[in-house]
Amino acid sequence: TNITITMVKGDTLSFGFQITGLNGAEPDEVYFSCKENIDDDAYIFSIDTSSGIELRSYDAGSDTLTYGVRLAPSYTDEVALGRYFYDLKIEIDNDVLTLMRGAFALEWRVKDI
């Protein structure tokens with residue numbers, strides 16, 4: 001799904017997402033990454049299950065995994081305002097699935113705290 005994410009530079013970005021149909025299996029890895037240009041080798045940031053993405057719950061009745069993503073202020077505090085590219089991917093059983101991708105818009109803030 002192509003979704004634009006807009007956030008204020010240096011703020012915290014937090015959102016959740018759900019995955020169904022894995023029969024209780026957890027992905028081997030979950031990544032939320034951002035680049036300045038799609039074909040760049042370097043990331044502006046990249047977080048995973050060891051650094052900002054966590055499994056919040058599993059509902060066996062609906063076979064639904066619920067994850068939380070928290071991008072700390074330090075990941076965007078020094079990044080220039082502008083539009084970038086992101087994706088949210090999972091790896092499971094040697095498969096890579098892109099759940100979300102799109103533009104990542106970093107906007108100004110009125111006052112620094």
Side-chain angles (χ1 to χ4, degrees):
T1 304
N2 198 356
I3 298 171
T4 298
I5 295 175
T6 302
M7 72 169 290
V8 174
K9 175 181 174 165
D11 278 7
T12 300
L13 175 67
S14 181
F15 64 92
F17 67 94
Q18 295 180 315
I19 304 169
T20 60
L22 299 180
N23 296 321
E26 292 182 31
D28 301 316
E29 195 56 79
V30 182
Y31 300 98
F32 179 62
S33 304
C34 182
K35 291 182 175 184
E36 185 170 2
N37 299 296
I38 293 171
D39 56 353
D40 287 351
D41 290 331
Y43 294 99
I44 293 171
F45 63 78
S46 184
I47 61 174
D48 57 30
T49 52
S50 69
S51 62
I53 300 174
E54 67 178 17
L55 177 63
R56 297 276 170 87
S57 66
Y58 174 66
D59 181 333
S62 64
D63 188 28
T64 302
L65 295 159
T66 300
Y67 281 86
V69 176
R70 182 183 181 276
L71 186 68
S74 60
Y75 286 100
T76 62
D77 200 37
E78 301 298 321
V79 178
L81 301 179
R83 289 177 65 85
Y84 302 94
F85 299 93
Y86 80 91
D87 62 14
L88 176 67
K89 293 183 176 186
I90 64 169
E91 291 182 16
I92 186 163
D93 296 331
N94 297 318
D95 290 324
V96 177
L97 304 168
T98 301
L99 304 178
M100 292 172 38
R101 66 183 177 141
F104 185 85
L106 197 57
E107 296 187 342
W108 54 272
R109 59 182 164 199
V110 173
K111 178 172 174 46
D112 286 331
I113 296 177

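As a basis for the values below, the full set of heavy atoms in this structure was taken, side chains included, without hydrogen atoms, waters or symmetry mates.
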Original post:
Can you tell me how far SG of Cys34 sits from CG of Leu88, rounded to the nearest 0.5 angstrom?
Top reply: 12.5 Å
Original post:
Quick one: CD1 on Ile3 to CD1 on Ile5, what's the gap to the nearest 0.5 Å?
Top reply: 7.5 Å
**OP:** First locate atom CG of Asp95, then atom CD1 of Ile90, and finally report the distance between them rounded to the nearest 0.5 Å.
**Re:** 9.0 Å
Subject >> Under 3.5 Å donor-acceptor, Asp48 side chain and Ser50 backbone >> reply: yes
**OP:** Quick one: pull up CZ in Phe17 and CG in Leu65 and give me the separation to the nearest 0.5 Å.
**Re:** 9.0 Å
**OP:** Using side chain to side chain donor-acceptor pair (under 3.5 Å) as the criterion, list what pairs up with Gln18, not counting sequence neighbours.
**Re:** Thr66
Original post:
Which is it for Ile44 and Glu36 under the side-chain contact (heavy atoms from CB on, under 4.5 Å) test, yes or no, and what are the steps along the way?
Top reply: CA-CA 7 Å; Ile44 293 171; Glu36 185 170 2; 4.1 Å; yes
Subject >> Test item: Lys35 and Phe104 side chains (from C-beta on) under 4.5 Å apart, heavy atoms >> reply: no
Original post:
Going through the distances and angles, do Tyr75 and Leu13 end up as a side-chain contact (heavy atoms from CB on, under 4.5 Å)?
Top reply: CA-CA 10 Å; Tyr75 286 100; Leu13 175 67; over 6 Å; no
Original post:
Do the non-hydrogen side-chain atoms of Met100 and Asp87 ever get within less than 4.5 Å of each other?
Top reply: no
Subject >> Sequence-distant partners of Tyr58, ring pair (Phe, Tyr, Trp, His ring centres under 6.0 Å), two or more places apart >> reply: none
Original post:
Under 3.5 Å, is there a donor-acceptor pair between the side chain of Arg70 and the main chain of Thr12?
Top reply: no
Original post:
Which ILVMFWY residues are connected to Phe85, directly or by a chain of links, through side-chain heavy atoms under 4.5 Å apart?
Top reply: Ile38
**OP:** Starting at CZ of Arg101, measure out to NZ of Lys89 and round the result to the nearest 0.5 Å.
**Re:** 9.5 Å
Subject >> Hydrophobic cluster of Tyr43, others only, ordered by chain and residue number, side-chain cut-off 4.5 Å >> reply: none
**OP:** Scan Ile47, Ile53, Leu99 and name whichever one has a side-chain contact (heavy atoms from CB on, under 4.5 Å) with Val30.
**Re:** Ile53
Subject >> Listed partners of Tyr86 passing ring pair (Phe, Tyr, Trp, His ring centres under 6.0 Å), at least two apart >> reply: Phe32
Original post:
Looking only at heavy atoms, which two atoms of Pro27 and Ile19 are closest? And how far apart?
Top reply: CG-CD1, 4.1 Å
Subject >> Counterpart residues, side chain to side chain donor-acceptor pair (under 3.5 Å), relative to Glu91 (two or more places apart) >> reply: none
Original post:
Counting only N and O atoms by type, is there a donor-acceptor contact under 3.5 Å from the side chain of Asp63 to the main-chain atoms of Leu22?
Top reply: yes
**OP:** Look up atom CG in Asp59 and atom OG1 in Thr64, then write down how far apart they are to the nearest 0.5 Å.
**Re:** 5.5 Å
Original post:
Just by modelled atom types, is the Glu54 backbone N or O under 3.5 Å from a matching donor or acceptor in the Thr49 side chain?
Top reply: no
Subject >> Whether Lys9 side chain and Arg109 backbone form a donor-acceptor pair below 3.5 Å >> reply: no
